[in-house]
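Keep in mind that the numbers below use all heavy atoms, side chains included, and drop hydrogens, waters and symmetry copies.
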Amino acid sequence: MTDDDLIGLHGKETTGPRWAPFKRLNNAAARLVHEGRTMEAAAMFEQAYRLTLVDDLDGAGYDARARVLGNLATLAENRGDTAASLRLAGEALDACASAERDAGDRFGTVAVRTSVLIQRSQTHQLLGRYDHALADLEAALALTADTDDNDDDRLVAFNLHNTRSVLLLHLEHLEAAEAAALHALDLATAHYPALAGHPYSNLARIAQAHNDHDTAMAYLQLAEQIHTAAGDAAQAALAVANQGRVAGRQGDRDAAVALLARAERAFLDGEQPLRAAEIRYSRAHVAFDSGAMAEARALLPEAIATLREAGHVVVLAEALGLQGDMLAADADFAGAEEAFQEARALYEATGARYHLARLDMRRAFAAAAARDHTDDPDERQQLLQVALYFSLPSALATDAIRHQYTPGRARELWAATVAIPAMAHALHLAMELRDGALISELLEHMSSTVSLHAEGHGVAAVAAIDPIELPAPNFEADELAFAASAFVTGASEDFPAPRFALPPRLRVNPNRESVLEPWIIETERRYGFPIRSDQVVDAW
């Protein structure tokens with residue numbers, strides 16, 4: 001592979017003979033990264049960096065320093081040292097400022113600065129700092145020339161839209177994420193076919209969020225083929241790992257185990273322990289789902305320790321949720337609740353509303369399961385009420401998320417595969433409690449139609465939920481500040497989309513107070529977004 005074969009930022013002018021040794025080292029190290037030889041690459045990048053530690057550094061030298069620091073930041077993130085990654089990215093941006101001060105954009109430093117901002121945004125996403133991630137992407141967008149003028153502009157534009165797609169996925173803006181992924185795919189297909197696997201993987205995640213596992217698997221197999229053909233061992237392994245996760249969701253344990261083990265070995269061989277820990281969590285999840293409890297118990301603690309050390313809150317929250325499920329299965333309900341609470345705090349901090357609701361549904365399952373471990377009728381009834389306390393707001397919120405979609409297939413997939421099963425569980429609990437009035441109003445609620453006129457809606461406050469306490473819970477809790485930005489909560493208009501307005505509240509029986517209305521109010525308070533409009537109409 002020659003220097004020109006490397007996909008990367010090549011600059012506008014040559015940096016001259018003085019920096020030719022740096023260029024050879026930097027490009028040779030980039031080739032090693034491409035081959036998965038990250039430790040050798042890191043040593044070579046460090047050698048290149050030392051060439052820039054001179055007193056008479058010129059604009060070309062500062063540009064060189066920025067490039068190698070950006071590469072070192074990426075490697076630091078890959079090995080799980082997120083603090084070092086952020087520090088190195090900051091130093092790279094400082095070097096960019098010095099290069100632009102001394103030489104303007106003669107060497108393509110603006111593209112380097114944009115690329116480092118995109119890379120740092122990815123690290124912030126891993127840490128769950130979505131406000132910081134968004135700020136870096138907005139700064140990168142302001143610098144980006146989304147044109148066909150030169151290779152650097154096209155490559156930066158691809159990276160920006162691909163990273164934006166991932167951020168939007170984290171923020172649960174699935175339709176906007178799909179649009180960004182398709183934009184990135186168009187850029188890759190036209191100019192960098194070897195990079196097309198990245199947006200295909202993002203499209204797979206979107207399909208999986210809608211429980212369209214066949215489509216997700218097809219995208220991931222295509223991504224693996226593209227990365228393999230390009231010689232990108234790490235990204236091919238990531239596509240294989242994601243295939244294993246999809247196979248696990250489809251109930252194909254044998255395929256899931258084989259694919260995940262293959263991917264984990266590739267990341268261990270490639271000296272990327274953080275990626276390996278992500279996969280170890282997924283292996284534990286597959287083991288738990290298939291009843292291999294001993295295997296799940298052996299895998300999960302090490303994965304949690306690595307994820308926690310790196311501050312990888314996105315996967316750590318998922319791993320803690322699995323830990324809660326496992327402890328509940330062992331009848332350690334107090335330990336399960338502790339794990340669920342820690343996971344919930346991480347989701348709250350990142351504004352992951354659907355994941356909050358999903359986790360509360362798991363807490364409902366744990367409370368319902370606890371009934372099998374007591375013969376006291378009063379305690380069994382109280383646990384059933386606790387289960388409903390978690391399940392019904394979770395179901396109402398999950399159902400309301402459909403109204404954030406534009407009309408179409410994705411909206412109907414969400415309703416059929418996510419919202420309806422969640423509501424069915426809540427209805428089952430209400431039936432066990434023999435609450436006829438609540439059942440009647442829930443059925444009317446589910447049957448109500450939507451308005452065709454979209455209106456603006458405010459954002460409610462997010463509040464803490466107390467751990468399970470007996471007797472039956474109430475709806476009182478202390479309010480917490482919402483850590484994420486208005487963009488996260490949906491108040492931002494950065495990514496507008498035509499959608500239905502929220503349906504009205506229903507008055508099912510004019511002769512009595514609604515029994516569902518307090519649950520709707522609690523749901524909006526708990527998850528921080530409106531699920532029904534303020535309008536009240538008669539059901540009949």
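When every heavy atom of Asp376 is checked against every heavy atom of Thr374, the shortest pair comes out as N-OG1, 3.2 Å. Pairing each heavy atom of Gly197 with each of Ala223, the nearest pair is O-CB, 3.5 Å. Nearest heavy atom pair, residue Ala177 against residue Ile206, reads C-CD1, 3.8 Å. Between Ala367 and Val386, the closest heavy-atom pair is CB-CG1, 3.8 Å. The two residues Arg245 and Ser282 come nearest to each other via the heavy atoms NE-OG, 2.6 Å. Looking at every heavy atom in both residues, Pro199 comes nearest to Asn162 through N-OD1, 3.4 Å.
In this structure, the side chains of Met423 and Leu396 come closer than 4.5 Å at one or more pairs of heavy atoms. The shortest distance between side-chain heavy atoms of Glu338 and Leu327 does not fall below 4.5 Å. Asp330 is listed as a side-chain neighbour of Arg297, based on a closest heavy-atom distance under 4.5 Å. Leu442 is listed as a side-chain neighbour of Leu438, based on a closest heavy-atom distance under 4.5 Å. By the 4.5 Å heavy-atom criterion applied to side chains, Pro393 and Tyr527 are counted as neighbours. Looking at Arg526 and Leu356, their side chains never come closer than 4.5 Å, going by heavy atoms from C-beta outward. Phe333 is not listed as a side-chain neighbour of Glu337, based on a closest heavy-atom distance of 4.5 Å or more. By the 4.5 Å heavy-atom criterion applied to side chains, Ile118 and Asp136 are not counted as neighbours.
Applying the side-chain hydrogen bond (donor to acceptor under 3.5 Å, both in side chains) rule to Gln243 yields the partners Glu224; only residues at least two apart in sequence or on another chain are considered. Residues meeting the side-chain hydrogen bond (donor to acceptor under 3.5 Å, both in side chains) test with Glu342, sequence neighbours left out: Arg308. By the side-chain hydrogen bond (donor to acceptor under 3.5 Å, both in side chains) test, Gln208 is found to be paired with no residue, residues two or more places apart in sequence or in another chain being considered. Remark: Asp214 engages Gln250 in a side-chain hydrogen bond (donor to acceptor under 3.5 Å, both in side chains) (not counting sequence neighbours).
The salt bridge (charged side-chain N to carboxylate O under 4.0 Å, His left out) contacts involving residues 251-261 comprise Arg253-Glu295, where partners must be two or more places apart or lie in separate chains.
Taking NE2 from His285 and CE from Met326, the interatomic distance works out to 10.5 Å, rounded to the nearest 0.5 Å. Rounded to the nearest 0.5 angstrom, His373 NE2 and Leu383 CG are separated by 10.5 Å. Once rounded to the nearest 0.5 Å, the distance linking CG of Leu392 with CH2 of Trp519 reads 5.0 Å. How far CZ of Phe267 is from CG of Asn78: 8.5 Å, rounded to the nearest 0.5 Å.
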**Request:** Kindly indicate, with the supporting measurements, whether the criterion side chain to side chain contact (heavy atoms under 4.5 Å, CB included) is fulfilled by Gln225 and Leu222.
**Result:** CA-CA 5 Å; Gln225 293 168 11; Leu222 184 56; 4.0 Å; yes

**Prompt:** Could you walk me through whether Glu77 and Leu86 pass the side chain to side chain contact (heavy atoms under 4.5 Å, CB included) check?
**Reply:** CA-CA 8 Å; Glu77 180 190 307; Leu86 292 175; over 6 Å; no

**Message:** Go through it in stages, so that I can follow the logic: the residues are Ile304 and Tyr281, the test is side chain to side chain contact (heavy atoms under 4.5 Å, CB included), and I'd like the CA-CA distance, side-chain angles, deciding distance and then a yes or no.
**Reply:** CA-CA 8 Å; Ile304 287 177; Tyr281 148 70; over 6 Å; no

**Request:** Give the C-alpha distance, both sets of side-chain angles, the deciding distance and a yes or no for side chain to side chain contact (heavy atoms under 4.5 Å, CB included) between Arg344 and Arg363.
**Result:** CA-CA 10 Å; Arg344 199 178 199 286; Arg363 297 168 78 189; 3.4 Å; yes

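Under the 4.0 Å criterion applied to side-chain N and carboxylate O atoms, Glu432 and Arg380 are not assigned as salt-bridge partners. Note on Arg249 versus Asp289: no salt bridge recorded, every NZ/NE/NH1/NH2 to OD/OE distance being 4.0 Å or above.
At least one donor-acceptor pair under 3.5 Å links the side chain of Glu441 to the backbone N or O of Val515. Side-chain N or O atoms of Thr398 include one that pairs as donor or acceptor with a backbone N or O of Ser394 at under 3.5 Å. With hydrogens and angles ignored, the 3.5 Å screen pairs a side-chain donor or acceptor of Thr306 with a backbone N or O of Glu302. Checking side-chain atoms of Ser290 against main-chain N and O of Ala287 turns up a donor-acceptor pair under 3.5 Å. With hydrogens and angles disregarded, no donor-acceptor distance shorter than 3.5 Å links the side chain of Glu264 to the backbone of Arg280. Put simply, the side chain of Arg265 never gets that close to the backbone of Arg262: no donor and acceptor are under 3.5 Å apart.
For the pair Arg353 and Phe529, the cation sits on the ring face: its NZ or CZ lies under 6.0 Å from the ring centre, inside 45° of the axis.
For the residue pair Arg205 / Asn202, no side-chain donor-acceptor distance below 3.5 Å is found, with atom types taken as modelled.
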Return all side-chain donor-acceptor pairs below 3.5 angstrom for residues 310-324, not counting sequence neighbours, or 'none' if the list is empty.
residue	atom	partner	partner atom	Å
His312	ND1	Leu126	O	3.4
His312	NE2	Glu278	OE2	2.7
Glu318	OE1	Arg358	NH2	3.0
Glu318	OE2	Tyr347	OH	2.2
Glu318	OE2	Arg358	NH2	2.4

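The neighbour count for Asp375 CG, taken as heavy atoms of other residues, nucleotides or ligands under 6.0 Å away, does not exceed 12. Atom CE of Met293 is surrounded by more than 12 heavy atoms from other residues, nucleotides or ligands within 6.0 Å.
Relative orientation of the Tyr130 and His170 rings is parallel, given thresholds of 30° and 60° on the angle between their planes.
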